[in-house]
Visitor: 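The structure under discussion is supplied below as structure tokens; questions concerning it will follow.
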Protein chains: 2
Amino acid sequence: MSMADTGEPDIAAQLEAASTAQERFQIMYSVLRDRISMLVYPPGTQLSEEVLAGEFGISRSPLRKALQILEADGLLLSQQGIGTLVTDVDLNELAQVYQLRMEMNELTGRLSPADVDFRLAALFDTMRQRAEDLRVAPERQAFARLNIDFFHAFQQLTDNQPLRDVSEKLFYQTCRIWLTLIPSTNLSREVEIFCQEIFAITDAVAIGDIEAAAHIRRAHLSMGLKRLTSMKDAKDAPV
Amino acid sequence: MSMADTGEPDIAAQLEAASTAQERFQIMYSVLRDRISMLVYPPGTQLSEEVLAGEFGISRSPLRKALQILEADGLLLSQQGIGTLVTDVDLNELAQVYQLRMEMNELTGRLSPADVDFRLAALFDTMRQRAEDLRVAPERQAFARLNIDFFHAFQQLTDNQPLRDVSEKLFYQTCRIWLTLIPSTNLSREVEIFCQEIFAITDAVAIGDIEAAAHIRRAHLSMGLKRLTSMKDAKDAPV
DNA sequence: TCGTGATTACTTGTATACAAATATTTTGTT
DNA sequence: AACAAAATATTTGTATACAAGTAATCACGA
């Protein structure tokens with residue numbers, strides 16, 4: 001599925017193995033979005049179409065489709081003569097996206113809540129396990145990876161597909177802010193808070209109370225925004 | 001020459017006048033989305049890249065970007081060897097989108113409500129005027145056009161940009177359903193209902209009560225969904 | 001007449017050459 | 001040395017030829 005964190009073995013081979021154009025697009029899109037979100041390409045990075053096409057073993061044409069969709073998602077900005085740059089997340093946009101996500105997460109509990117079957121419960125159990133592992137050995141990459149994977153798990157708590165699509169777009173618009181703002185000194189604290197969130201939500205899911213899970217998620221989004229703004233202020237403050 | 005019956009004077013000239021690629025994309029995207037929404041291209045219509053590029057006076061490359069974004073929006077579906085087809089709106093998707101829009105419209109009143117200045121009040125006044133004109137002479141095209149324009153006016157009631165973007169995507173995913181389902185016999189009734197909605201919302205906006213406007217909108221979305229499902233049932237019923 | 005296989009036509013997907021826009025470097029002049 | 005203008009390099013944008021996939025047609029035989 002997602003994987004492709006550091007390993008990401010030979011994308012070119014995966015692309016060649018894919019039979020349809022849609023599959024190839026999906027691979028390129030996922031890989032690039034993941035690299036942007038995991039800060040393999042930090043904000044401001046210039047992505048050369050020619051270089052990327054070379055790495056993927058294809059021409060610029062099919063690659064450009066992936067880049068154009070990512071641009072529509074707000075993750076890239078292409079300009080003729082300048083280049084394709086990874087966008088930055090500014091504080092204003094961050095606050096607006098977070099406010100919207102807070103409200104929409106509540107909808108997860110109200111609109112078409114999924115029934116918690118064995119598979120879903122098992123998924124959240126692995127999340128809990130990964131959180132515990134991370135707490136023992138806090139690490140930036142693993143933290144970011146768990147953040148992304150837990151989001152996708154949470155998504156499965158609703159059967160409303162448009163809600164899923166919209167939530168995903170909003171999530172990826174800002175999720176890299178954590179990696180960009182967390183200094184190594186704060187990592188442990190953030191991991192601890194995130195673990196508490198995962199534990200609480202997993203407990204709620206275990207007893208089938210999706211609405212409770214949604215409210216917990218909302219509360220943590222709210223507090224997360226507050227911490228992010230304070231981090232941002234601390235970073236922007238003069239030395 | 002071109003079959004663009006609804007105003008839309010020579011797109012090719014507009015494209016040539018545009019100075020940047022982004023402007024050209026915006027023109028093509030808007031024109032195509034509008035044609036799909038106004039049923040110039042009804043669901044199932046096959047859009048030939050070559051023909052469209054010819055009409056727009058450009059090559060397939062820049063046109064394809066617009067088509068690809070519209071495909072990501074869910075309005076088109078492209079398949080190699082088959083063609084690019086306008087998607088249909090099925091009842092399931094319709095219900096999910098409407099449920100989500102109902103909830104999100106409430107957010108319009110809570111998240112960053114815009115302050116109603118003179119310009120905004122004037123805009124809603126023109127909407128009221130157009131509604132009154134439409135009531136006198138109900139017409140399918142004018143109804144659909146007002147539906148789209150009123151949506152954009154309503155959008156301006158919030159300053160939360162992500163909320164605007166998401167709402168717009170959702171709106172265009174289903175708005176053509178009205179034109180596809182309304183038989184000429186029901187047009188007058190729908191126009192009447194729509195006028196009542198516009199009048200009520202305009203009154204609320206006039207006194208600066210955006211939250212009230214949002215609740216009215218939500219109520220009409222809810223009732224609209226009910227009517228749409230009943231229309232759909234009536235249409236699908238055997239003769 | 002029916003069925004079946006090959007052929008043909010038509011569609012989007014991909015590769016590539018070139019155009020246009022921007023940034024950088026060089027070069028010439030004062 | 002400083003400045004300006006031109007040449008150059010680098011990037012995305014566009015046009016176009018061809019490949020790959022699909023559907024319809026035709027030919028041919030039983």
Side-chain angles (χ1 to χ4, degrees), chain A residues 11-32 35-36 41 43-87, chain B residues 11-32 36 41-87:
Chain A
I11 310 298
Q14 289 186 43
L15 288 174
E16 198 157 7
S19 54
T20 72
Q22 295 179 18
E23 290 176 49
R24 289 189 286 273
F25 163 78
Q26 200 57 45
I27 292 173
M28 286 187 284
Y29 177 78
S30 300
V31 166
L32 292 174
R35 288 182 183 176
I36 294 171
Y41 304 138
T45 304
Q46 176 174 335
L47 302 184
S48 166
E49 293 184 354
E50 199 166 0
V51 172
L52 270 178
E55 180 195 340
F56 291 169
I58 55 173
S59 75
R60 284 175 54 209
S61 304
L63 170 67
R64 277 173 66 82
K65 176 173 179 178
L67 295 178
Q68 285 162 353
I69 302 292
L70 287 167
E71 184 178 12
D73 290 344
L75 303 187
L76 294 178
L77 185 61
S78 286
Q79 282 179 289
Q80 185 174 8
I82 298 178
T84 302
L85 306 181
V86 178
T87 57
Chain B
I11 309 299
Q14 289 186 44
L15 288 174
E16 197 157 8
S19 54
T20 72
Q22 295 179 17
E23 289 176 50
R24 289 189 286 273
F25 163 78
Q26 199 58 45
I27 292 173
M28 287 187 284
Y29 177 77
S30 301
V31 166
L32 292 174
I36 294 171
Y41 303 140
T45 304
Q46 177 173 335
L47 302 185
S48 165
E49 293 184 354
E50 199 167 359
V51 171
L52 270 179
E55 182 197 336
F56 291 169
I58 55 173
S59 75
R60 284 174 55 206
S61 304
L63 169 69
R64 276 173 66 82
K65 175 173 180 178
L67 295 178
Q68 285 162 352
I69 301 292
L70 286 168
E71 186 179 10
D73 290 345
L75 303 187
L76 294 177
L77 186 60
S78 286
Q79 280 178 290
Q80 186 174 7
I82 298 179
T84 302
L85 306 181
V86 178
T87 57

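Excluded from the calculations below are hydrogen atoms, water molecules and symmetry mates; all remaining heavy atoms, backbone and side chain alike, are included. First the proteins, then the strands, lettered A, B, ... as listed; each starts at 1.
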Visitor: So, for B:G57 and B:A12, which heavy atoms are closest and what is the spacing to 0.1 Å?
Guide: N-CB, 4.3 Å
Visitor: Take B:T84 and B:S61, find for each the nucleotide of DNA chain C with the closest heavy atom, and name the residue whose nucleotide sits nearer the 5' end.
Guide: B:T84
Visitor: Students should find this one: the first and last nucleotides of DNA chain C, 5' to 3', lying under 4.0 Å from a heavy atom of chain A. What are they?
Guide: C:dG13 to C:dT22
Visitor: Got A:E55 and A:L52 here, is their nearest side-chain heavy-atom distance under 4.5 Å?
Guide: yes
Visitor: Mind checking what makes side chain to side chain contact (heavy atoms under 4.5 Å, CB included) contact with A:S30, not counting sequence neighbours?
Guide: A:Q26
Visitor: Work out which heavy atom in A:A53 is nearest to a heavy atom in A:L63; give both atom names and the distance.
Guide: N-CD2, 3.5 Å
Visitor: Have a look at the helix from C:dT1-D:dA30 to C:dT30-D:dA1 and give the angle its two end axes make, five pairs each, rounded to 10 degrees.
Guide: 20°
Visitor: Give a yes or no on this: more than 12 heavy atoms of other residues, nucleotides or ligands lie within 6.0 Å of atom CD of A:E23.
Guide: yes
Visitor: Find which nucleotide of DNA chain D each of B:I58 and A:S19 is nearest to by heavy atoms, and output the residue with the more 5' nucleotide.
Guide: B:I58
Visitor: To the nearest 0.5 Å, what is the distance between CG on A:L85 and CG on A:L47?
Guide: 8.0 Å
Visitor: Within residues 20-28 of chain B, find the residues that approach DNA chain D with a heavy atom at under 4.0 Å, and present them sorted by residue number.
Guide: B:A21, B:R24
Visitor: Please list residues of residues 43-53 of chain B whose heavy atoms come under 4.0 Å from any atom in DNA chain D, ordered by number; otherwise none.
Guide: none
Visitor: Nearest 0.5 Å please: distance from the CG atom of A:L15 over to the CD1 atom of A:I27.
Guide: 5.0 Å
Visitor: Looking at CD1 of A:I36 and OG1 of A:T87, how far apart are the two atoms once the value is rounded to the nearest 0.5 Å?
Guide: 7.5 Å
Visitor: Pair up each side-chain donor or acceptor in residues 68-83 of chain A with any protein partner under 3.5 Å, not counting sequence neighbours, and list the distances.
Guide:
from, atom 1, to, atom 2, distance (Å)
A:E71, OE2, A:S78, N, 3.2
A:D73, OD2, A:Y29, OH, 2.4
A:S78, OG, A:T84, OG1, 2.8

Visitor: Rounded to the nearest angstrom, tell me the gap between atom CG in A:L67 and atom C1' in D:dT12.
Guide: 10 Å
Visitor: Does A:Q46, at its CD atom, have more than 12 non-hydrogen atoms belonging to other residues, nucleotides or ligands within less than 6.0 Å?
Guide: yes
Visitor: In terms of the nearest nucleotide of DNA chain D, which residue is placed more toward the 5' end: A:Q79 or B:I82?
Guide: A:Q79
Visitor: Figure out the CG/C1' separation between A:L76 and D:dT12, and round it to whole Å.
Guide: 13 Å
Visitor: Rounded to the nearest 0.5 Å, what's the gap from CZ on B:R24 to CD1 on B:I58? Could you check?
Guide: 8.5 Å
Visitor: Roughly how far apart are A:K65 NZ and B:L67 CG, rounded to 0.5 Å?
Guide: 10.0 Å
